[in-house]
Amino acid sequence: MEGRVALVTGGASGIGLGMATAMARYGASVVLACLRTETGEPAAATLREAGLDVRCVRCDVTVTDDVFAAIATTVEEFGRLDCLIHNAVAGTFMGAGPITETSLDGWQMLVASSLRASFDCARAGHAALQKAKGSLVLLTSAAGMEGSAAIPLYGVVKAAQRTLVKGLAAEWGPDGIRVNSVAPLALTPAFDTAIAADPSLIKRLEASTPLGRIGDPADDIGPVAVFLASDLSRHVTGQTLVVDGGGFRGL
Amino acid sequence: MIRTLLVGAGAFVDALYEGLEAQGHTVAVVVPLRKPNADVASYDLDTPATGLDAAVGLLGYPNLVIHVPAVPEGPTDVINQAVEDWIAACEAPLDEALAVVRAVQPLLVDRSPTGGGRLVWVLPTTALSGSAGFVATGAACEGIRALAKGAAKQWGSDGATTSVLMVDPGVFFAGCEAPRADGMRDPGLAALGRVGDPVSDLAPLLDLLADPRAAFTTGGTIVADGGTWMAL
């Protein structure tokens, strides 16, 4: 990926940081688009100390101007954008609980950060991605494919993002842009919080995962980002790659 | 006698109404008050409850609720799509579906006089395939399909069930400009040589889903497009 440029929203931690780290290790210049630069800047600095080309820009993905500005800054600084990964999602709100009781404010935030932000990323990134014959990647989830009793509204937006990818792949194929989604399961800060609340969670998940462990953001999920960002996947578009150790096998 | 609440508006909904009456259902139609281009921020998610309450007053508790979400009929490429059009095509149908779920839940779970009813969404198969020109609409409909699954999981112990009936876009959009990709409007692609009639092909399936003999299916998707889409 030498000479390639990628931008990852929600890149300060978790799966976003893992994907960014992997792409940078393979030679890409990577921009972490982060809501909080106080976490994004140290993350970028740590990777730079390891010899990687990683920078941080502030970006609230629920603000259209922020999305356009982050992408414009990236193109201005690096001259191109080859891969745009929209990974960020609304803070800690996952739409948990009965559908009839879920916070509507939380629902709107989920829609804004997942769906509206995908729309904004698509509009803002199209020209640069077309020029680079690049790749757009959205993050989805098994919850969007099989539905979820625990986090049903999170499943709703993730399902919507998955078909958004299929439609965009059809629409942008003639422009030479590939569009795919990744459905990961990995140990992240959000996952750590869930485990702290329910220590038995990790054992249950490991038991239901054929590979017997939960993934690592950089070493297990990251290489899939490298694949989708690079020419290795040049004939792959409109697809969902489930990267969870085999837990979900419904496709 | 099956009591059916049909939530939606337009030519396709009118045809379903005719078909359900032909199946012997007593049908009340609830038209969502949201205007197609209403700002999502001003959309009252409790709005459908008012219409549903009125319909239940006339009809009694329903055995079957059918939601046909309002989605725009014409194609728009994402990069040329105005924000308000994106909202109308993606976010507002999702809001509408969530509002319907929240409003009908008390009508369908087993504390209702019907002892547990069924909620069915009728959606175009673009939710499954995605389609150029209908990116936002397809995304919304697939989101609704996940909502049906989540509701099925949450309501199962209460005896209420959900289903999704997926139909050919050319039928769903009822003569309007349907998704242009993949030749989906070409009846010649359907194994049965035609893509379906709301009255004679789709209403009987909805009737079947309301029948107690279908009570053990929930959260699932039935594709009724004459065999155009077989990738499930």
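Bear in mind that the values here come from a model prediction, so they are computed numbers and not experimental data. Per chain, numbering begins at 1; letters A, B, ... match sequence-line order.
- For B:A127, the part sitting under 4.5 Å from any heavy atom of chain A is the backbone (N, CA, C, O) and nothing else.
- For the pair A:D231 and A:R178, the salt-bridge criterion is not met [side-chain N within less than 4.0 Å of a carboxylate O].
- A:E146 has no carboxylate O lying under 4.0 Å from a charged side-chain N of B:K149, or vice versa, which leaves the two without a salt bridge.
- Contact check on A:R204 versus A:D198 returns a salt bridge, with a Lys/Arg side-chain nitrogen under 4.0 Å from an Asp/Glu carboxylate oxygen.
- In this structure, chain B has no heavy atom under 4.5 Å from any part of A:I151.
- B:W86 and A:F119 have parallel rings, their planes meeting at less than 30° on a 0 to 90° scale where 60° marks the start of perpendicular.
- Contact count against chain A (heavy-atom pairs under 4.5 Å) is highest for B:G143 among B:G150, B:A140, B:G143.
- With chain B as partner, the option from A:P152, A:A112, A:A159, A:G144 having the largest number of non-hydrogen pairs under 4.5 angstrom is A:A159.
- If you measure heavy-atom distances from A:T102 to chain B, the contacts under 4.5 Å come from both the backbone and the side chain.
- Top candidate by heavy-atom pairs under 4.5 Å with chain A, chosen from B:C141, B:A152, B:A139, B:G156, is B:A139.
- Annotation: side chain of B:M166 is not in contact with side chain of B:I222 (no heavy-atom distance under 4.5 Å).
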